[in-house]
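Proteins get letters first, then strands, A, B, ... in listed order; numbering begins at 1 in each. Heavy-atom basis, side chains included; hydrogens, waters and symmetry copies ignored.
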Amino acid sequence: MPAVSKGDGMRGLAVFISDIRNCKSKEAEIKRINKELANIRSKFKGDKALDGYSKKKYVCKLLFIFLLGHDIDFGHMEAVNLLSSNKYTEKQIGYLFISVLVNSNSELIRLINNAIKNDLSSRNPTFMCLALHCIANVGSREMAEAFAGEIPRILVAGDTMDSVKQSAALCLLRLYKASPDLVLMGEWTSRVVHLLNDQHMGVVTAAISLITCLSSKNPDEFKTCVSLAVSRLSRIVSSASTDLQDYTYYFVPAPWLSCKLLRLLQCYPPPEDGAVKGRLVECLETILNKAQEPPKSKKVQHSNAKNAILFEAISLIIHYDSEPNLLVRACNQLGQFLQHRETNLRYLALESMCTLASSEFSHEAVKTHIETVINALKTERDVSVRQRAADLLYAMCDRSNAKQIVAEMLSYLETADYSIREEMVLKVAILAEKYAVDYSWYVDTILNLIRIAGDYVSEEVWYRVIQIVINRDDVQGYAAKTVFEALQAPACHENMVKVGGYILGEFGNLIAGDPRSSPLVQFNLLHSKFHLCSVPTRALLLSAYIKFINLFPETKATIQEVLRSDSQIRNSDVELQQRAVEYLKLSSIASTDVLATVLEEMPPFPERESSILAKLKKKKGPGAVSVELEDGKERGELNGGADRGGEAAIAASNASTPSPSSDLLGLRSAAPVGGPAPSAGSLLVDVFSEAGPAASSTRVNDDGFLSSAPPSAASEDPAPPLPESDELLNKFVCKNNGVLFENQLLQIGIKSEYRQNLGRMYLFYGNKTSVQFVSFTTTVSCPGELQSQLNVQTKPVEPLVEGGAQVQQVINIECLTDFVDAPLLNIKFRYGGALQNITLKLPVTINKFFQPTEMAAADFFQRWKQLSQPQQEAQKIFKASHGMDTEVLKAKLLGLGTALLENVDPNPENYVCAGVIQTKIQQVGCLLRLEPNAQAQPGEQMYRLTLRSSKDTVSQRVCDLLAEQF
Amino acid sequence: MIGGLFIYNHKGEVLISRVYRDDIGRHAVDAFRVNVIHARQQVRSPVTNIARTSFFHVKRSNIWLAAVTKQNVNAAMVFEFLYKMCDVMAAYFGKISEENIKNNFVLIYELLDEILDFGYPQNSETGALKTFITQQGIKGQHQTKEEQSQITSQVTGQIGWRREGIKYRRNELFLDVLESVNLLMSPQGQVLSAHVSGRVVMKSYLSGMPECKFGMNDKIVIDKAGKGGVTDDVAKSTTGKQSIAIDDCTFNQCVRLSKFDSERSISFIPPDGEYELMRYRTTKDIILPFRVIPLVREVGRTKLEVKVVIKSNFKPSLLAQKIEVRIPTPLNTSGVQVICMKGKAKYKASENAIVWKIKRMAGMKESQISAEIELLPTNDKKKWARPPISMNFEVPFAPSGLKVRYLKVFESKLNYSDHDVIKWVRYIGRSGIYETRC
């Protein structure tokens, strides 16, 4: 090898690379590479020893070929040999090859680790750095296992060079991130913190990255770093720009280090030590002051560095959220940026302001910038900035400015980017609902919303309008008028048709007095949209038509004509066809009284959390919705929501049977198979009469509609549980004895007692007739997972029950763990040859296993606080269905099994209870708080029920059970 | 319905872009470049589907031709068109290269306008195209109105491929039977798959509008001739030769298909100059010109011994030419020693193969090569896949056994007869993919 080429140049490598670059095609490149690989293979064959230079050159070529995307399956040994060379360049190439190409080849790893160990223990700082970089680059588990103990030692050793310390800190950070379990905390941790005081700024910068990462996992161990960081920060902030020499970047002293320090401080709460806190506040003020100073340089790097520190400081201020003065200053500072010509700054300012808006101290300050933000929303060219502006508007909205903001957002929606429209729509809908003062405004807003951005209005939004309109009597007329007007537009969105159909179907009568919106006009208007709509909407419109027949008998002929037309009654869609057939029959058979009952106005929806908010949360991920609903009362006032939407509700009130051929209202199966009682009077009336003999073969629905149940009476399988059984279950939540079930044949009485996790229940079956029951059997079953949660044992009963006699059955119950469902009791017997098959839910609920616990107020609140995790709490707000009689309430709460604690809640009207649920596996402590608003008008009275327990399923279940009781 | 046609150079730069239909957007050009030309993994399929758009491509030297469509087209038609397009371009300006395409881009756009209309292929007969698309441009030629109208009537007429009034002093006719034989053989000498794809290429210099009739020893044609009371055996004895079974064939547009259907005779009015009369494929009774006998022995992990014998299997009087045997070597080869009896052999590292070349070899001979391959031990436990040994050659006969029986020329208007035409027939058999596993 000529001496000339022995420099760092590696001519052969350069030639090879230029050959590759000059290749005309992929094929030519592959050919060249194959040739080179063959050459290298022949060189590595091992006949003669290669000198370090050629080894380095060939390893370099292999590396290059590998980086081009070809497989390399040899040369590892040569690379490892290079590691033991004493020349820097050779060692460096060796390490490079290893970091890029290493795989978990056991023998090689051992050799590599050995070489690294040698380099780490050598006193040569460059070699140590190379080794550390290699460990960090590979970062595998094997590496971590071998060196996780060694590196901290190097890091904190007194005699280590600064550059090595830097590398060691970063290497350790990498290993910690890759396999945190292998990097063990030890006495070195405290010494790492003291690296913050190191003379060398590079070491501090490297160490702070490590500390930030470590302290986010174990904050307690690194608590001491706060004061050190603050003092370091104050030294940097107060230093003149020339003090730090190499670490001054465009007149900004150590910007990276400052940012990292500020970020580290964000891992901790505000310092408790007054002096430290004072110093920190001083620092932050200095940073804010500096932002006001005129720039020392026109260069973009200067302002970037300065702003980086400023934004980091602002996020620290937001994190602390305790210094009103600083928060307001930060807000003002950001306000200046809102109009800055740098797009990135505007974006960051909007983003930070969004978090500021949620702080109580700065909310008002943020609100002063509303005009600017609205302007940004309108004129900003960058869509991401517009998005942030919209977010900020949403965050800063409150009762005072809701109308303005909603109006602006609506007007922006017309031109908004497609990607953010749906989110905007949800936000507008939520704001409109949340801050609505009068409902006509709310209705206007939402209808406008549907008009402007109909495609982006999700189901939840229009369900919500309907829920609110139905729950609020005062807006119904206005809503009907508005939708009627909106529908008159030549082209209107399908969602508008849905809302229109629903509202006119319910409240069309409120505007029928006006000749311009007479019933026929309303119907014709709706029907003109019919053919342009999709199947679900058409189905909804058909339901609206049948409601019209009820509301305006004069339209009956017209509507029947429409229903009878071939396009309805022979529609290819099963649902539409069925609705048409059923409604037609219903309108022609049923008398007006029956019609009025069947097609009564929808009952108000139960009050629940807004489904729109849930949707937005889902869309943006947890934590993104910064504005929570404020207060339970406010919620109760407005959120008449139900998770199931209007469509679901309407479907439930319709007889949507599985097969189109099945009879309307299940009339065919309604003829009681084993029914001894003759049907009295009209069949329909009979069907509607509660708890009729047909109860075992048809199911009565709350809404007065029937779904055709399979003729279960004839089958031997246990019948599905009676629909009333849930109600029956609720009856027994707060009491242990009573009549569980009664019909013309049979009465079932119940008596039960519970101790700890055990219970005994006596069932009394009374034969009310004078004929004996034959083959009388009862079975208790635990469906699904209940089997593993509850242990139920029964004794069989006599198969014969004489007329007028009573038999008794004992059931032993053991609660293994908490449960939700109730066990099923199936009773079968033959009465006069006909098989009776009844399934009921046994009133065994989780609260039966309560042990009351007495405690003092302080005790109670301490425990209450301990159970503060969100999943441990279950809350419900619901309307009072009975009067708010204190004694009755107390009796019910005691019946629940808990101890009623007096003089605990500061508000004497509230009820507070405590108890422990005993199960075989565990005990679940449970705290309860019931807040009535007794002053409200009867009918408006609401309860807020909050439950906290150490198990989330328990809280939820008990809350559900109890909510039905009041 | 081709939506568009693009031509790229090897770097993926667009040389020609012609879009015929609205459903092909601008991004289609880039989509093909990114997903096929610059793809990480080499794309081997000639049809690529990207975002519900189909790209059909062929490659000529370093040039990519890609046809694009959004519809469900007949892929064979598209490829036929692309190959025809290559032929037309080659007929106009010779070799298809980046240089030539750049120099002739006006001409190419003109051709593309002519041979594709709204994505439907039109007349792509080179002879006909040359009458009205010329390289000199409009000024260079002095066509009278009459001539122009003649061209129009000819191109749009019934016999669009031949103009009237052609005159030659010597009526000559050249007929080439070109075949390529494909084979995959097991190491034990068992034929795993074999087929011959052949073409009959004609060069005709005939006066007037002659009517030609072509006959060969195809089973269908002979059987047809033999019907009329004579059995197959008699037919064979009368012809004295073996007939062959053609699996499928396609004809030039000049062949009257109705006549082929009804009478099984191939009759046509030939275009002037060179053209491909028919294409066919056979899979039965193929004469394999060469037999390759491989012997591979692995000696430990670092050595491989290879011995390959080739035997020629045709009449000793015939000479095979341009014989090349390619023996693949493992990827970790670090050195090769070769000894061969005949010809030259060399290890080509860039192709990972030993290439053995023999200029000429007579029939019924055999020759052999032996090589020692040294291997470098690697970390990989992967076993060498042993790709097959491939072979190239050229022999002066048709491996399918096809024979031209006659080619008769009738020209009623002019006074020359079949006997006056000078006819030349030539057979060339080449190797396609001719591989033996080892």
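Classification of B:E351 and B:K346 as a salt-bridged pair fails, no side-chain N sitting under 4.0 Å from a carboxylate O.
Side-chain contact of A:E142 with A:S140: a donor-acceptor pair under 3.5 Å is present, judged by distance alone.
Both the backbone and the side chain of B:N332 come within less than 4.5 Å of a heavy atom of chain A. The contact between A:K24 and chain B is made by backbone and side chain atoms together, counting heavy-atom distances below 4.5 Å. If you measure heavy-atom distances from A:E36 to chain B, you find no contacts under 4.5 Å at all.
Each salt bridge (Lys or Arg N to Asp or Glu O under 4.0 Å) pair with one or both residues in residues 79-92 of chain B, not counting sequence neighbours, appears once here: B:E80-B:R279.
With sequence neighbours left out, the side chain to side chain donor-acceptor pair (under 3.5 Å) criterion links B:K357 to no other residue.
Counting heavy-atom pairs under 4.5 Å between each of B:L375, B:T333, B:N352 and chain A puts B:T333 at the top.
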